[in-house]
Protein chains: 2
Amino acid sequence: MNVSGRTYPQLALDLQLCFPLYAATRAVTKRYVTLLKGTGLTYPQYLVMLVLWESDEPLSVTSLGQRLRLDSGTLTPLLKRLETAGLVRRDRDPGDERRVLVSLTEEGVAMEEQVSGVPQQLGASMGITRDEALALRDQLTELVDHLDTAESP
Amino acid sequence: MNVSGRTYPQLALDLQLCFPLYAATRAVTKRYVTLLKGTGLTYPQYLVMLVLWESDEPLSVTSLGQRLRLDSGTLTPLLKRLETAGLVRRDRDPGDERRVLVSLTEEGVAMEEQVSGVPQQLGASMGITRDEALALRDQLTELVDHLDTAESP
DNA sequence: CGCTATTAAGTTGTGCGCAATATAGTTGTG
DNA sequence: CACAACTATATTGCGCACAACTTAATAGCG
């Protein structure tokens with residue numbers, strides 16, 4: 001149907017930002033399935049590994065969650081799967097038995113080298129320049145910040 | 001850890017496009033939960049309704065899937081929930097008994113008016129201008145197109 | 001016409017996301 | 001020290017996504 005002929009033209013799928021955003025995330029995730037085949041990692045698991053590789057020390061579930069904006073309901077089972085895969089350890093913090101500290105195993109550390117080419121491969125699939133990617137990244141980061149501070153109506 | 005001190009600086013979470021994209025989608029989806037409260041719709045269900053409101057005639061599961069890039073494994077249970085909610089009907093196409101035609105009920109048609117303010121409310125939460133949103137939409141659409149045609153490693 | 005290939009939808013199983021809740025450990029206050 | 005408030009993680013339940021597979025219907029070809 002022609003958009004201009006609609007009672008509520010603002011509801012047209014093609015005019016909205018939300019749908020391309022949603023579709024882009026799923027397309028990127030799908031691309032990661034291919035790129036991460038061989039590691040056994042899913043995309044969210046890969047993100048957790050990125051955070052752990054960045055850190056000099058073990059991280060609690062909460063700090064992982066703050067970095068990735070994920071809660072324990074998502075992270076706990078995901079971390080158990082990484083533990084089963086032999087990539088991380090989960091140990092109670094002796095100084096505070098409520099906390100679980102997540103640390104990399106040797107195998108987990110070693111995997112960093114294995115995926116070091118992934119960002120570049122993904123960049124190639126996206127068909128945009130590095131500068132465009134960085135600009136897009138900044139716009140999306142700003143969008144997230146705004147949405148986080150706009151909890152009211 | 002300082003990015004410049006890493007063995008694989010390209011793996012830094014903050015330097016990559018994928019994470020802001022992933023976080024933005026989840027933030028937008030979360031915002032929709034608030035905006036759609038009262039309708040009983042989830043965000044994917046809202047997208048299906050957008051496509052149906054756009055269409056003059058009933059749509060098959062496959063055509064809905066092509067429009068939203070979703071397969072029957074996602075759509076079939078979602079459509080059953082919309083049917084249970086009284087918003088759509090699902091009828092076998094008499095001309096081709098393999099196809100299921102999805103059409104809006106009166107209640108489903110009526111809901112369009114109820115959500116007509118949602119796009120504008122979401123726009124307000126995102127803190128970007130209409131033009132910025134449209135530019136972002138175009139960039140993301142292009143990104144999806146590239147990823148779709150880049151299936152090979 | 002009869003048979004094979006194709007197509008459409010549905011089913012199954014896995015892994016997120018996230019709200020709501022439960023449980024255990026810690027902190028702060030009197 | 002007792003105990004209430006708080007914090008960290010885990011659990012439960014629901015709804016996607018999607019790969020892989022199944023079932024049923026149609027199309028096409030000899």
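Only this structure's heavy atoms are used, side chains among them; waters, hydrogens and symmetry mates stay out. First the proteins, then the strands, lettered A, B, ... as listed; each starts at 1.
Considering only side-chain N and O atoms, B:K80 lies under 4.0 angstrom from the phosphate OP1 or OP2 of C:dT11. At the phosphate of C:dG17, OP1 or OP2 sits under 4.0 Å from a side-chain N or O atom of B:Y22. Taking side-chain N and O atoms only, B:R90 has a distance below 4.0 Å to OP1 or OP2 of C:dG10. Distances shown here put a side-chain N or O of B:T42 below 4.0 Å from the OP1 or OP2 atom of D:dC16. In terms of phosphate contacts, A:R81 brings a side-chain nitrogen or oxygen within less than 4.0 Å of OP1 or OP2 of C:dC16. OP1 and OP2 of C:dT7 both lie 4.0 Å or more from every side-chain N or O belonging to B:R99.
The two residues A:G38 and A:Q114 come nearest to each other via the heavy atoms O-NE2, 3.5 Å.
Using Watson-Crick or G-U wobble geometry with both donor-acceptor distances under 3.5 Å, C:dG30 finds its partner in D:dC1.
Residue A:V61 has its side chain nearest to D:dT9 when only D:dT9, D:dA17, C:dA9 are considered. Listed nucleotides D:dA17, C:dC16, D:dT11 differ in distance to B:P44; the shortest reach to its side chain belongs to D:dA17. The nucleotide whose nearest atom lies closest to any side-chain atom of A:T62 is, among C:dC16, D:dC18, D:dT9, D:dT9. Comparing D:dA17, D:dA10, C:dG10 by their nearest atom to the side chain of A:R92 picks out D:dA10. Nearest nucleotide to the side chain of B:K30, out of D:dA10, C:dA19, D:dC16: C:dA19. Picking from D:dA10, D:dT11, C:dC18 the nucleotide with the shortest atom distance to the side chain of A:L70 gives C:dC18.
Residue-level contact check: A:S60 touches the backbone only, with heavy atoms under 4.0 Å from sugar-phosphate atoms and none from bases. Heavy atoms of A:D93 sit nowhere under 4.0 angstrom from any nucleic acid atom. Heavy atoms of A:D71 sit under 4.0 angstrom from at least one base atom.
Using modelled atom types, one side-chain atom of B:R92 and one backbone atom of B:R98 make a donor-acceptor pair closer than 3.5 Å. No donor-acceptor distance shorter than 3.5 angstrom exists from the side chain of B:S72 to the backbone of B:L75, with no hydrogens or angles considered.
Put simply, the side chain of A:L70 reaches to within 4.5 Å of the side chain of B:R26, judged on heavy atoms. At a threshold of 4.5 Å between non-hydrogen side-chain atoms, the residues B:L87 and B:Q45 do not count as touching. A heavy-atom distance below 4.5 Å is not found between the side chains of B:E83 and B:T105.
Checked by distance alone, A:R98 brings no side-chain donor or acceptor within 3.5 Å of a matching partner on the base of D:dT9. Judged by distance alone, with hydrogens and angles left aside, B:S72 brings no side-chain donor or acceptor close enough to the base of C:dA8 to form a pair under 3.5 Å.
Atom CD in A:Q66 sits about 18 Å away from atom C1' in C:dG17, given to the nearest Å. Rounded to an integer number of Å, the gap from B:D96 CG to C:dT7 C1' is 8 Å. Computed from coordinates, the A:R31 CZ to D:dC18 P distance equals 15 Å when rounded to whole Å. In this structure, CD of B:E83 is placed 17 Å from C1' of D:dG15, rounded to the nearest angstrom. Taking atom CG of residue A:L64 and atom P of nucleotide C:dC16, one finds them 14 Å apart after rounding to whole Å. We find that CG of B:L78 is positioned 8 Å from P of D:dA17, with the value rounded to whole Å. A straight line from CG of B:L75 to C1' of C:dA9 spans 11 Å, rounded to a whole angstrom. Between the CG atom of A:L79 and the C1' atom of D:dA8 there is a distance of 13 Å, rounded to whole Å.
Each of A:Q45 and B:V33 was matched to the nucleotide of DNA chain C holding its nearest heavy atom; the match closer to the 5' end belongs to A:Q45. When each of A:V100 and B:P94 is assigned the nucleotide of DNA chain D bearing its nearest heavy atom, the one mapping closer to the 5' terminus is A:V100.
Between the CG atom in A:L140 and the CE atom in B:M126 there is a gap of 10.5 Å [rounded to 0.5 Å].
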